[in-house]
Each structure stands twice: as structure tokens, then as C-alpha cells.
Trainee: 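Sharing a structure below in C-alpha cells format, with a few things to ask.
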Amino acid sequence: MGLAALSSNLLLVSFIAYLVATLFFGGAVKGAKSEATYQNNRWGKIAIIITIIGFISHIGYFITRWIASGHAPVSNMFEFTTAFGMMLVGSFILLFYLYRTPSLGLFALPIAIIIIAYASMFPREITPLIPALKSYWLTVHVITAALGESILAISAVAGLIFLLKNIDLTKKSKQRFWIEAVIFTLILVVGFVLSSTTFKLIGYEAEFTYIDKNEKPAKIEYNYPPLFGMHQYKAITPEVMTPWAEMPAIINAKTLTTFVWAVTTGILLYLILRLIFRRPIATLFQPFAKKANSQLMDEIGYRAVMIGFPVFTLGALIFAMIWAHEAWSRFWGWDPKEVWALITWLFYAAFLHLRLSRGWDGEKSAWLAVIGFIIIMFNLIAVNLIIAGLHSYA
Amino acid sequence: MSKIKCQCGHENPFGTVLCERCGRPQTEEAKASQLVDMRYEGSARRSQTYNRSIVDRIWNFFSSVKIGISIIIAVLVTSAIGTAFPQKLYVPATTEVELAAYYERLYWLFGTAYYKLGFHDMYNSWWFITLIGMLGISIIIASVDRVIPLYKSLKRQRTKRHPSFMKKQRIYGEGPTEKPDVSLGKAEEKLKKLRYNVKTEDGALLAEKNRFSRWGPYVNHTGLIIFFIGILLRGIPGFYVDETMWLLEGDTKAVPGATGYYLESKKFTMETYTKDEAGEVFGEALDRVGMIAKNYQTDVALYKDKEGALPGSGDQEFVKDYSIIVNDPLNFDGFNVFQMDYRQDEDLKSMTFQLMEKSTEKSLGEFTVNLVDPEQNYEIAEGASVVLSDYYPDFDGMENGEPKSKSSIPNNPAFIFKMITPEKPKGEMSFVAIQQTLETEENAYKVKFVSAEMRDKSGFVVRKDKTLYILLLGGIIFMIGVIQGSYWNHRRIWIQKGLDNELLIAGHTNKNWFSLKKELDKVQDFADLPAYEDRQDKESNLEIKEGEQS
Ligand code: HEM
């Protein structure tokens with residue numbers, strides 16, 4: 001078995017380990033009466049051991065892939081997102097040992113699983129590095145930034161648990177609407193994974209030529225039935241469906257097609273779930289959060305930001321500036337990806353000030369943590385795919 | 001303003017909420033409240049105290065965290081709007097008209113609005129810069145407003161606090177113990193083991209640790225201010241140079257912004273990954289996306305004017321050879337030269353010709369003329385040579401029967417060759433330009449164009465930035481400050497004797513209450529202290545009570 005293949009298998013092992021560990025965390029929460037009694041629960045112990053095994057295997061994936069390609073595996077969407085999932089689990093393990101609360105695992109691991117599944121939808125082959133990416137500082141920058149983001153993400157997990165526990169889902173309210181919206185967004189991601197996997201299994205392919213933004217001819221391959229066509233497209237593959245509409249040059253119709261397929265699948269999935277259970281989907285998750293201690297979740301949420309903020313600053317701003325200075329001669333260029341890192345940073349600065357000086361804790365703080373995670377994900381996904389700048393991983 | 005005298009005898013500055021020494025509440029509000037606000041130790045802050053003059057008003061405005069957060073959010077939102085469409089910098093347009101057209105063509109109405117509102121140059125707009133300025137002022141004023149009183153009251157705090165201060169802490173407990181003095185002694189021992197600084201006074205104990213973490217925010221704000229100062233300094237001439245330069249292979253040019261330095265491009269190279277060399281791991285990716293760039297490189301030589309030589313006098317000395325690649329600029333004298341761009345196959349480098357006998361079309365041999373720095377004589381064969389008698393790099397037609405050159409750049413080279421052959425040892429003259437040949441009289445030989453070689457052009461950015469070290473310093477100080485304030489927290493535990501055999505305990509931390517409680521639990525177990533409660537954690541208190549009942 002070559003290193004690259006070994007690497008893929010290790011990733012699969014960790015994926016399965018996280019799934020199994022989630023079940024055990026569930027057992028830990030279910031078997032205990034309250035936060036105080038489940039801290040040293042046997043199920044919980046097994047769960048964290050399986051999580052750690054999965055994490056070690058995940059690190060194994062990372063290292064073997066690094067050796068196989070000769071560069072840190074954070075150079076395209078698949079690699080970066082997988083690494084982010086790995087660090088999320090690592091951050092969870094860290095906070096678990098600080099607070100020993102299985103509830104956190106019960107929510108953090110499924111989110112890591114969704115992230116890894118999402119990552120696997122992108123081309124997985126090993127790519128050689130273009131000149132701008134060949135820098136030691138880039139590696140340091142990306143890894144530190146992702147680590148900071150993953151620790152910050154744990155604060156959103158704690159926030160989500162706090163909200164599920166404390167929001168009254170039996171009555172209509174703004175809070176109920178928004179928490180359902182958060183769950184809905186997670187279901188959309190699952191929808192993307194489902195639709196993408198389906199067409200991959202079928203082996204769908206459709207090639208087109210088109211005229212790009214700079215008025216040059218280009219070629220593109222769709223992996224979904226093309227709902228939208230690129231600017232002045234012409235089909236190369238025979239007998240593919242004719243796109244419904246042609247898009248102007250600035251819109252990447254392929255991305256739009258993928259997006260519409262994902263959202264449609266997600267909405268269908270959500271509606272089916274609603275039809276089966278006949279109540280807000282958030283209520284399905286609420287029982288898992290019921291035993292968590294609110295004060296503790298609030299504390300974890302804050303602590304995660306306190307730990308993550310300095311790491312994020314170092315990685316996403318300071319190291320980023322050093323690298324940008326080496327690669328592009330300027331430490332800051334107002335590139336969208338940079339600006340969104342700045343926005344994330346400002347947001348968490350505001351979060352800290354609101355908490356410390358204006359006493360925004362509990363529910364307000366939990367909402368802020370969730371919004372912070374949405375900003376991070378926006379930067380990771382939307383800015384890369386839509387507002388493509390210098391950083392975008394094509 | 002008059003001082004406030006506390007019952008304990010200490011004189012507090014006007015505006016004090018909790019006595020600096022004993023902690024007794026001084027205002028009616030503080031006396032009435034359940035929990036005291038410990039954020040700045042109840043000290044007198046300028047912004048909370050004065051509100052008279054215009055200076056007071058401005059001070060109060062900027063020291064408010066509410067205003068500070070609003071400014072942060074405003075910067076955040078404007079920055080986000082700036083990413084909606086490409087900024088001016090990234091738009092391939094040079095004039096305002098082109099810019100406007102670009103935004104309209106690609107983004108229709110939204111684009112036009114974006115352009116008209118000036119959002120296309122958001123980060124250089126006056127309102128954005130004003131916001132950043134306000135952010136800086138706010139950070140300075142808010143910090144000064146708090147750090148001084150905080151420092152003073154932490155320094156003046158007394159070990160023994162008034163019971164009313166203890167009772168208003170978030171963590172509080174009271175109750176009888178068998179031997180209060182023994183408990184106090186044991187508590188001291190345990191707290192010291194937990195690395196607290198313990199002070200005792202008259203049946204009271206104060207254990208404190210990590211006070212330095214309270215200065216974290218002020219240190220990090222200082223770092224931010226240093227960073228801002230660094231950015232301001234770029235406006236001062238000499239601190240900052242930012243120029244671009246195009247250099248053709250074979251050319252030598254003065255480096256813009258760096259007087260007295262010259263750069264020669266020896267060769268530009270661009271490489272792509274080939275499947276063999278990249279190895280099989282990359283095969284799949286290369287199949288999918290096709291070409292992937294591997295390297296952009298310009299081999300250069302740097303020269304400078306000799307000491308004492310007049311600039312431009314041509315009296316230069318060689319400094320060094322360097323290969324500039326992406327991520328590895330050339331450094332000299334505080335300047336950096338970065339490989340930023342390139343053009344291939346746009347400019348002529350040399351032309352190759354054949355000397356040919358017209359009647360037989362037989363070639364005597366080839367020769368190559370370097371178009372940048374041509375030689376005079378070209379030996380071709382025994383007795384056959386070509387002399388370049390005149391050269392017009394940028395031929396622009398005839399003037400008064402004389403060919404003329406528009407510039408010295410070889411855009412349209414033309415030559416007058418003198419062909420010397422064994423048959424015509426005196427030489428024949430021929431004028432050769434692209435697509436045409438002129439002869440003054442019928443020649444037996446001709447010079448025939450064979451091929452042209454092109455030159456590559458490298459795009460460089462020349463940068464000098466003396467502020468980088470200031471920015472880096474700001475960054476480092478910021479990091480020290482955030483780490484100091486985030487990874488440590490200031491914890492205090494008060495224990496004192498009350499009436500009879502009672503002990504009172506209270507605790508405070510600026511963050512991370514969970515850890516404070518864990519430490520307090522250890523002390524409580526060891527020293528047999530009364531139970532305490534966290535008045536904000538209703539759930540665990542409930543659990544404990546339920547546990548006691550069952
Ligand atoms: C981007 C700008 C800023 C950053 C990155 C920043 C960073 C920080 C950080 C990390 C803390 C510590 C928070 C904690 O421990 O939870 C802090 C505290 C604080 N900041 Fe800022 N800050 C910024 C702007 C401002 C502004 C504009 C103000 C003005 C009102 C301000 C006022 C304060 C105050 C009053 C504290 C609390 C200090 C204390 O309680 O000892 N900050 N800041």
C-alpha cells in the first residue's frame with residue numbers, strides 16, 4: 001500500500017471512530033441523571049478513548065499525506081477542510097479534559113463528522129504547489145489559523161448546547177425560529193453531501209466550453225446535471241441536459257448549479273424530517289442537551305474564545321501578514337479572504353468586550369458564539385467559492 | 001472635588017463606589033445591590049465622575065465600551081461591504097471612465113451604485129480612515145480611564161474587608177466551624193500550595209494570584225496603538241517606498257525609488273510541472289487541471305554607483321547576483337525586490353540571418369544579431385563576413401532619404417549590412433527591415449531573415465518599509481497582552497472570622513469561575529470551611545440541594 005492510500009485509509013478509520021464515539025457520548029449523557037453525576041461515567045470514558053484513537057488516526061492521515069506530497073496537506077479545499085475537522089476534534093479533546101463534560105462531545109463530534117464529509121466532496125487528489133504557496137510561512141499561517149478557528153468553533157458548540165437547553169421550543173418565539181434555522185443550515189450541508197455523493201456514484205460528467213470574465217474561451221466540467229449554463233456555453237459531452245438558463249460571466253454557473261442541487265436536497269430532507277416527526281427538528285436534539293449545566297456551558301463557551309482568540313490572531317493575522325509580505329511584497333492587500341479574517345477577528349474582539357464590559361453572558365453570549373462560527377464557515381466556504389480572490393483554492 | 005471618607009477612616013477619591021481599603025460600599029446604589037460590580041474594583045474612574053466641560057464629554061464618549069464596540073462593529077460592517085465586489089486595486093482599468101464601465105458591465109445597477117458611493121475604494125475612503133482613527137482614540141482613552149484607578153485600588157486593597165463587601169461577592173459562604181483559627185491556618189497552608197500569595201491580618205486572610213493578568217488588556221491595547229502608529233508613519237517620506245518596474249531580459253535599468261542602484265535581468269524562467277518529474281502522486285491532479293505552474297524566476301545582477309560617482313555617469317560597480325523567485329525577494333540596503341509578474345514572447349531579443357548568394361540560393365552561413373547590444377562584425381566563412389554599419393531598433397520610415405528610429409527599443413528593427421564575400425571583397429550594402437530589403441545597386445548577395453528569438457519581461461515590485469519593525473513590535477506586544485490576559489486569570493479568595501465561631505468566605509475572579517471553584521473546593525475540604533454558593537449558578541446549587549435531600 002502506498003503512502004497516499006494509507007493516508008486515505010487512516011482518514012476513514014478516524015471518521016468511523018468519531019461516529020462510534022458519538023454513540024458512546026450519547027450513552028453517557030443518557031445514562032446519567034445530571035451534569036454532576038455523568039462526569040466520570042464509564043460510557044463517557046470509553047467515548048473519549050475512542051475519540052482519541054480516531055484523532056491519532058487522523059493525525060496519521062495528516063502526516064502520511066504530508067510525506068507523500070512533500071508539502072503540508074492544507075493546500076486545497078479538501079485538505080484544508082479535513083485538517084480543520086481534525087483540529088476541531090483536537091480542540092474538543094482539550095476542552096473535554098478541562099471540563100469533563102460528555103455533552104460537549106455529543107455535539108462537537110457530529111459537527112466534525114459533517115465537516116469531514118463536506119471536505120470529501122472536493123477533489124481529493126494530491127496537487128503540486130504553485131509558486132506562491134511554496135513557503136514555510138504559509139504552512140505555519142494556515143495551520144495556526146485553522147487551529148484558532150477550530151478552538152473558536154468549540155465555543156459555538158457549547159453555545160448551541162446552551163441554547164438548545166434553555167430555549168423553550170414548545171412556544172413560538174424568535175429564539176425558536178433562529179435555533180431551527182441553525183439546525184436547518186446543518187441539514188443543508190448534509191444535503192450537499194448527499195447530492196454530491198449520489199452523482200459521484202452515478203459517475204455523472206458533462207463538459208462545456210464557455211467565455212470567461214476576461215472574455216477568453218475556457219472549459220469546465222460539471223458533476224451535476226447542469227441547471228445553469230456558463231456564459232456563452234457550448235456542450236462538449238453529447239446528450240447532456242440543456243441548462244435552464246445561461247449566466248453572465250461573473251457568475252460561476254457550475255458553483256450555482258452545485259449550490260441549487262445541494263439546497264434543494266437539503267430542503268427536501270428537512271421537509272421529510274418535518275413530515276415524519278411533525279415538530280421543529282431542534283426539539284429532536286433538545287433532549288441531548290437537557291442534562292448539560294448552563295453555567296458550565298457558558299463558561300466553556302467563553303473559555304474557548306479566550307483560548308482560541310490569541311491563536312487565531314497569531315495565525316490568521318500576524319503570520320498571514322508575514323507571509324503576504326514575503327509572497328506579495330505587501331503585508332496586507334485587502335483581499336476578500338484577508339478582510340474576512342479581519343472581520344472574524346473584530347467580531348470576536350466585540351464578543352470579548354461585550355462579555356467583559358457589558359455583561360453579555362448566558363444566552364446572548366451563546367448566540368454570539370454561534371454567529372462567530374457562521375462567520376468562520378462563511379470565510380471558509382463562501383469566500384472561497386464565491387468571492388474568489390488571491391487565496392481561493394481553485 | 002472633595003474626597004469621600006469611609007467609616008474605616010480611609011479617604012477615597014471622589015466617585016469611588018467601593019472603599020479602596022476595606023471594600024465597604026460608598027454609594028446608595030452599591031449598598032442596596034445584592035452583588036457588587038467588581039469590574040474595576042469599584043474605583044473612581046474619570047469618565048464616571050466628571051461630565052462638565054467639553055473635554056469631559058469627549059473623554060466620556062470615547063471611554064465608553066459601548067461606543068468602542070459600536071466603532072468595532074462599524075469597521076466590521078464597512079470592511080464586509082468592501083468585499084462584495086472587487087476593489088479598485090483588483091480591477092483591470094486605469095481611468096475612472098473604465099472603472100465605472102467595469103462595474104456597470106459586470107454588476108449592473110449594483111455595480112454603478114457601488115462605484116458611485118465610493119465603495120470600490122472602501123479602505124482608502126475618508127470615512128473608513130476616520131473610523132480607524134476613532135478606534136485608536138477610543139482604545140487609548142478607554143484604557144487610560146481604567147488602568148490607573150484599577151492599579152491604585154489593587155495596590156491599596158487591605159486584607160481585612162468589611163463583611164458587607166464579602167456578602168456582596170458572587171461566591172460567598174458563611175457558617176460555624178469547630179476551630180476557626182485552625183481552619184484559617186490550614187487554609188493558608190493549602191492556598192500557598194496552590195500557589196496563591198497569602199496575606200493575613202487580624203483573623204482575616206486574602207489569597208491572591210495572577211494579578212498581572214489584569215494588565216493584559218492594557219498591554220494588548222498598547223500593542224494595537226503601536227501598530228496604528230506604524231501605519232501612520234508610512235505617510236512620512238523615506239519610510240516607505242512602493243514602486244513597480246518592468247525589466248526585459250538583457251536590459252539594465254535604474255531601480256525606481258532606490259537612487260544609485262541598477263538591476264540587470266539575465267534570464268527569466270517559468271517552469272510548469274511535468275508528469276515525469278512530479279512523480280505519480282501528482283499524476284491525477286495534473287490530468288484533471290492540466291498545467292500547474294512550478295516556478296517563476298528572474299536571474300538578476302545588481303549594480304550601484306561607485307562611491308563619489310555622479311548618478312547616471314555609468315561609473316558602476318557590481319554588487320551581487322541573485323535569483324529572485326516568488327516568496328524569495330532580493331534584499332539590499334533595506335529594499336526588497338519581489339518577483340510579481342511576467343510577460344513572455346512580446347519583445348524581440350535577437351534575429352538570425354543567412355548570407356546567401358542570390359543566383360544559386362546557396363547559403364554561406366548564419367549569424368545572429370543581438371538586438372539590445374549588437375556587435376559590429378560577424379565572421380561567416382573563409383573570406384565572408386557581414387558588418388553591421390547601421391542599426392535602427394525602432395524603424396519608423398525614411399526622413400530625407402535617411403532611415404530613422406523612433407526609440408531605442410527593438411520594436412521594429414532595421415539594419416544596414418555590408419556584405420563582404422570573396423567575390424566582392426569591397427562589400428555590398430543592403431538595407432534590411434522586417435518584410436523589406438532595399439539595395440542601392442543590384443547586389444550578388446543578400447541577407448535573408450531566418451528566425452527571431454523573443455525576450456521575456458519580468459515585473460518587479462520594489463519595496464522599502466521601515467515601518468515593518470514597528471508593526472512587528474506592535475504585533476508582538478499585542479500577542480503578549482492577549483496571552484497574559486487570556487491564559488491567566490486574577491483570582492482572590494477572602495476568608496475571615498465573623499461573630500462567635502463563624503467563618504466567612506468569598507471569592508472573586510475576573511474570568512473562569514469554574515477553576516476558582518475547583519480550587520476553593522480543595523481548600524474547603526482540607527481546612528473544613530463552611531459551604532459556599534455560586535450565586536449565578538442556580539442549577540448546580542439546585543443539584544446540590546437535591547443531593548442533600550435524597
Ligand atoms: C480591534 C480592537 C480591539 C481589540 C483587538 C481589543 C482587545 C481586547 C481584549 C483581548 C481584551 C480582553 C478581553 C477579555 O479579557 O475578555 C480587551 C479588554 C478591554 N478593551 Fe479592548 N480591544 C479593542 C478595542 C477596544 C476599544 C475600541 C475599546 C474602547 C472602548 C476597548 C476597551 C477595552 C476595555 C475597557 C477592556 C477591559 C479591560 C479590563 O477589564 O481590564 N477595546 N480588549
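Throughout, a chain's letter reflects where its sequence line sits, starting with A, and its residues are numbered from 1. All values reported here derive from a predicted model rather than from experimental measurement.
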Trainee: By a 4.5 Å heavy-atom criterion (distance strictly below it), what part of A/Leu98 contacts chain B: side chain, backbone, both, or neither?
Mentor: backbone
Trainee: Is B/Leu471 in contact with chain A via its backbone, its side chain, both, or neither, using a 4.5 Å heavy-atom distance?
Mentor: side chain
Trainee: Looking at every heavy atom in both B/Ile69 and A/Ala350, which two are closest together, and how far apart are they?
Mentor: CG2-CB, 4.2 Å
Trainee: Please check if atom NZ in A/Lys200 has more than 12 non-hydrogen atoms from other residues, nucleotides or ligands closer than 6.0 Å.
Mentor: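 Above 12, so yes.
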Trainee: Sort A/Asp298 into side chain, backbone, both or neither according to what part of it lies under 4.5 angstrom from a heavy atom of chain B.
Mentor: neither
Trainee: Heavy atoms only, distances under 4.5 angstrom: which of A/Asp361, A/Leu354, A/Ile343, A/Leu317 has the most pairs with chain B? Name it, please.
Mentor: A/Ile343
Trainee: Just give me the residue among B/Gly68, B/Ala80, B/Pro329 that pairs up with chain A most often, heavy atom to heavy atom, under 4.5 Å.
Mentor: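 Most pairs with chain A among the choices: B/Ala80.
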Trainee: Crowded around A/Lys290 NZ? As in, over 12 foreign heavy atoms under 6.0 Å?
Mentor: yes
Trainee: Given the options A/Thr313, A/Ile322, A/Ile307, A/Leu352, which has more heavy-atom pairs under 4.5 Å with chain B than any of the others?
Mentor: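 Top option by heavy-atom pairs under 4.5 Å: A/Ile307.
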Trainee: Once rounded to the nearest 0.5 Å, what's the spacing between atom CD of B/Gln87 and atom CG of A/Asp335?
Mentor: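 B/Gln87 CD to A/Asp335 CG: 10.5 Å, rounded to 0.5 Å.
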Trainee: Considering all heavy atoms of both residues, which atom of B/Gly485 and which atom of A/Met306 are nearest to each other, and what is their separation?
Mentor: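 Scanning both residues, the minimum pair turns out to be O-CE, 4.3 Å.
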Trainee: Is the distance from the ring center of A/Trp332 to that of B/Tyr123 below 6.0 Å?
Mentor: no
Trainee: Taking the six-membered ring for Trp, are B/Phe338 and A/His325 parallel (under 30°), tilted (30 to 60°) or perpendicular (over 60°)?
Mentor: perpendicular
Trainee: In Å and rounded to the nearest 0.5 Å, what is the NZ to NE2 distance from B/Lys66 to A/His353?
Mentor: 16.0 Å
Trainee: Under 4.5 Å from any heavy atom of chain B, what part of A/Leu342 do you find: side chain, backbone, both or neither?
Mentor: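 Contact with chain B involves the side chain of A/Leu342 alone.
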Trainee: By a 4.5 Å heavy-atom criterion (distance strictly below it), what part of A/Trp137 contacts chain B: side chain, backbone, both, or neither?
Mentor: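 Interface part for A/Trp137: neither.
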Trainee: Short question: side chain of A/Glu299, backbone of B/Trp513 - any donor-acceptor pair under 3.5 Å?
Mentor: yes
Trainee: Please state whether the side chain, the backbone, both or neither of B/Lys518 comes within less than 4.5 Å of a heavy atom of chain A.
Mentor: side chain
Trainee: For B/Tyr469, does the OH atom sit with more than 12 other heavy atoms under 6.0 Å from it, leaving out its own atoms?
Mentor: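 Result for OH/B/Tyr469: open.
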Trainee: Between A/Phe347 and chain B, with a heavy-atom cut-off of 4.5 Å, which part of the residue counts as in contact: side chain, backbone, both or neither?
Mentor: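 Contact with chain B involves both backbone and side-chain atoms of A/Phe347.
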Trainee: Check whether B/Asn512 gets within reach of chain A through its side chain, its backbone, both or neither, counting any heavy atom under 4.5 Å.
Mentor: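 Looking at B/Asn512, backbone and side chain both touch chain A.
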Trainee: Is it the backbone or the side chain of A/Val311 that comes under 4.5 Å from a heavy atom of chain B, or both, or neither?
Mentor: both
Trainee: Where does B/Tyr487 contact chain A at under 4.5 Å (heavy atoms): side chain, backbone, both or neither?
Mentor: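 Side chain only.
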Trainee: B/Phe227 versus chain A, heavy atoms under 4.5 Å apart: side chain, backbone, both or neither?
Mentor: side chain
Trainee: What do you reckon, are the aromatic ring centroids of A/Trp345 and B/Phe478 less than 6.0 Å apart?
Mentor: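 They qualify: ring centres under 6.0 Å apart.
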Trainee: Do you know which two heavy atoms are closest between B/Ile483 and A/Pro310, and how far apart they sit?
Mentor: CG1-CB, 4.1 Å
Trainee: As an exercise: rank A/Tyr136, A/Phe309, A/Phe331 by heavy-atom pairs under 4.5 Å with chain B and give me the winner.
Mentor: A/Phe331
Trainee: Give the member of B/Leu468, B/Ile73, B/Val337 that has the highest number of heavy-atom pairs under 4.5 Å with chain A.
Mentor: B/Leu468
Trainee: Work out which heavy atom in B/Thr83 is nearest to a heavy atom in A/Pro336; give both atom names and the distance.
Mentor: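 Between these two residues, the closest heavy atoms are CG2-CA, 3.9 Å.
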Trainee: Give me the atom names and distance for the closest heavy-atom approach of B/Met479 to A/Ile318.
Mentor: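 Looking at all heavy atoms of both residues, the shortest contact is CG-CD1, 3.5 Å.
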